[in-house]
Amino acid sequence: MLFSELGLGPDVLRAIEDKGYTQPTPIQEQAIPWVLQGRDVLGCAQTGTGKTASFTLPMIDILASGRARARMPRSLILEPTRELAAQVAESFETYGKHHKLSMALLIGGETFTEQVKRLDRGVDVLIATPGRLIDLFERGNIMLNDIKVFVIDEADRMLDMGFIPDIERIVSKLPRMRQTLFFSATMPPEIRRLADAFLMNPKEVTVAPPASPSETVTQAMALVHEEDKRKALRHLLRTEDVKNAFIFCNRKRDVAILQKSLESHGFNAGALHGDMVQSKRTETLEAFKKGEITLLVCSDVAARGLDVQGLSHVFNFDVPVSAEDYVHRIGRTGRAGKTGRAFTLASPLDGKQVAAISRLIKREIPLIAIDGLESAEFLSEDEARRGRGGRGRGKERDRERDRERDKAPRERGEREEKAAREERAPREERQPREERQPREERQPREERQPRESIAAAESRRPDPRRERDRDRDRDRGDRRRRRDEDEDDTPVIGFGDHMPAFMLRSARRPMAAEPAAETIEQSSQEG
Ligand code: AMP
């Protein structure tokens, strides 16, 4: 199929030609005609599939007629990270070069003044991260009641990052008559429910199953002891023909530590994580794109969706907590028909996560040995829960088993319960004892409700929320733990205190009364 068959206007087609694209990607082919018809779209697509252009190209055409009013943007695109927001802005600049659309990028870490000035002049396209948008909204710098097209990108990542309450607030300020485009790399039930709440009779477009690593990426895994991981990484970096690579860590604090360690061993490495000021993040990314930095140590959130052309390698310094992240990570390489290599460093404690990845990608990741390093083996789940992954644990394990056998069953039961609790919140992620609220700061005993009455009240009260939470816990499992990566190191449980409205609605809504065509008609009239 040709771009000219999708219904795009001549100026957009000219920009596409200037960019050198010859054929639309499958998501573009499927989504663009519906977007141009004014329909809501529910797109299941990963980054790297051409998803950004699938909404920016038709939006440029839709917004081409009409004028923006001060502080009243005509379209809104929400992105989970600043880098993704900046990438979408770039895409509007590239494809909108023959149009006169005005655009504003509202992202955290940059001064309000310039952003407010832009809004005052009126913008056609507003690209924002949820937090900064809400800040500006609350200061009265922005009104959302003229939004014609609303895009939620990377919805699953928004959910992981705890942005859903913010997004619900934002949606409640938007006009009901609007076109909504909703994209997510995966479609777990909570995302579907969210889509049901925000979209009207959407057209669903799906490209590639949610978790299929590209065939152009060669994968391998080294199973080493935790304390050997840095050595293993250095070995791989020295023996592989690395042109440029992302090196993923699960925690932002490890990103900085690993980057310093690599630098001290003479590697040209930068770091990218959510604690860095925006100017430093942008500078580092630019240096990496220009080849001034060869290795970029990063967290999932900071690097999600980053489009760096021709990345030769991806290294997982840590096995990702979520199997889906494995696919996202290694998908940074082997793009656009090029080949790439992805190496994962697993430690004995990672057996469960590695098994989850194998299930998802429907194959085993080939194991490799690292010269000069002792290969390790995965611990059983029970051993992993107790956090024992060091060397020479064979004999110790046997002794422990003997001791276990002798213990009274009751005691064992208590221990297992504790271990299960620890599995939910790993020791290192829990607040250290001294940081917890001191006793005297807690509510005085007499003001607290007696234990029995709380328990009794809870057992009397039917609580569908708790049921749902339990299901969700099971579904989402470890994904929740990842939330700490960029914004906060404290694990957030579920939605925190907030119960999003969409969770309280039934999964299926009746069909929308307004035909989608009216939305577009209204858009052009009002615009
Ligand atoms: P995205 O999934 O939006 O992150 O896009 C991934 C990459 O594909 C970006 O570098 C785009 O510039 C590129 N791209 C988007 N559409 C096309 C196309 N039709 N042909 C070739 N490359 C494209």
Side-chain angles (χ1 to χ4, degrees), residues 1-8 12-33 35-36 41 43-61 77-97 105 125 127 151-158 181-186 205-214 216-217 244 246 285-286 288-290 298 300-312 314 324-325 327-340:
M1 184 175 260
L2 299 171
F3 273 110
S4 54
E5 295 171 69
L6 299 177
L8 293 162
V12 175
L13 290 175
R14 203 145 49 95
I16 294 170
E17 207 180 316
D18 295 346
K19 177 78 183 162
Y21 298 161
T22 49
Q23 270 196 323
T25 65
I27 184 79
Q28 292 162 3
E29 208 175 294
Q30 290 181 53
I32 290 173
V35 181
L36 287 172
V41 169
C44 184
Q46 303 170 21
T47 50
T49 54
K51 169 176 61 102
T52 317
S54 78
F55 60 84
T56 52
L57 293 172
M59 276 177 77
I60 292 168
D61 260 357
I77 298 164
L78 291 180
E79 292 289 335
T81 66
R82 302 158 191 182
E83 281 77 13
L84 278 173
Q87 232 162 252
V88 172
E90 251 175 54
S91 162
F92 266 104
E93 267 161 14
T94 307
Y95 307 130
K97 65 192 235 194
L105 183 60
V125 182
I127 305 160
V151 181
I152 301 181
D153 197 14
E154 302 270 339
D156 52 351
R157 181 52 51 142
M158 299 271 201
L181 315 174
F182 184 106
F183 293 90
S184 188
T186 57
V205 293
T206 300
V207 297
S212 50
S214 164
T216 52
V217 182
N244 51 3
F246 277 176
L285 193 60
E286 281 310 306
F288 184 70
K289 282 183 176 173
K290 282 190 209 146
C298 51
D300 289 282
V301 175
R304 174 96 183 244
L306 286 186
D307 186 27
V308 177
Q309 304 286 323
L311 197 71
S312 74
V314 166
E324 286 147 14
D325 273 347
V327 180
H328 288 302
R329 285 181 183 186
I330 72 168
R332 308 291 95 224
T333 181
R335 284 182 165 207
K338 293 206 173 100
T339 56

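Just so you know, ligand 1 is whichever comes first in the structure, and atom 1 is the first atom listed for that ligand.
Phe55 and Phe183 have tilted rings, their planes meeting at an angle from 30° to 60° on a 0 to 90° scale.
Residue-to-ligand polar distances keep Tyr95 apart from ligand 1: every N/O pair is separated by 3.5 Å or more. Between Pro24 and ligand 1, no N or O atom pair is found at a separation short of 3.5 Å.
Side-chain N or O atoms of Asn244 include one that pairs as donor or acceptor with a backbone N or O of Ser312 at under 3.5 Å. Under a 3.5 Å cut-off, the side chain of Thr56 and the backbone N or O of Phe92 do not form any donor-acceptor pair.
Near Lys51, meaning under 4.0 Å from one of its heavy atoms, ligand 1 places the atoms 1 (P), 2 (O), 3 (O). Counting atoms of ligand 1 from 1 in the listed order, those under 4.0 Å from a heavy atom of Thr49 are 2 (O). Ligand-side atoms of ligand 1 in range of Phe3: 19 (N), range being under 4.0 angstrom from any heavy atom. Each of the following atoms of ligand 1 lies closer than 4.0 Å to a heavy atom of Thr52: 1 (P), 3 (O), 4 (O).
Atom-to-atom distance recorded for Gln23:CD and Glu29:CD is 8.0 Å, nearest 0.5 angstrom. Interatomic distance, CG of Leu6 versus CG of Asp61, reported as 10.5 Å (0.5 Å rounding). From Thr52, atom OG1 reaches atom CD of Glu90 across 10.5 Å, with rounding to the nearest 0.5 Å.
Residue-level proximity to ligand 1 for Gln23 is carried by the backbone, the only part with a heavy atom below 4.0 angstrom.
With atom 15 (C) of ligand 1 as the reference point, the heavy atom nearest to it among Gln28, Gln87, Lys19 is part of Gln28.
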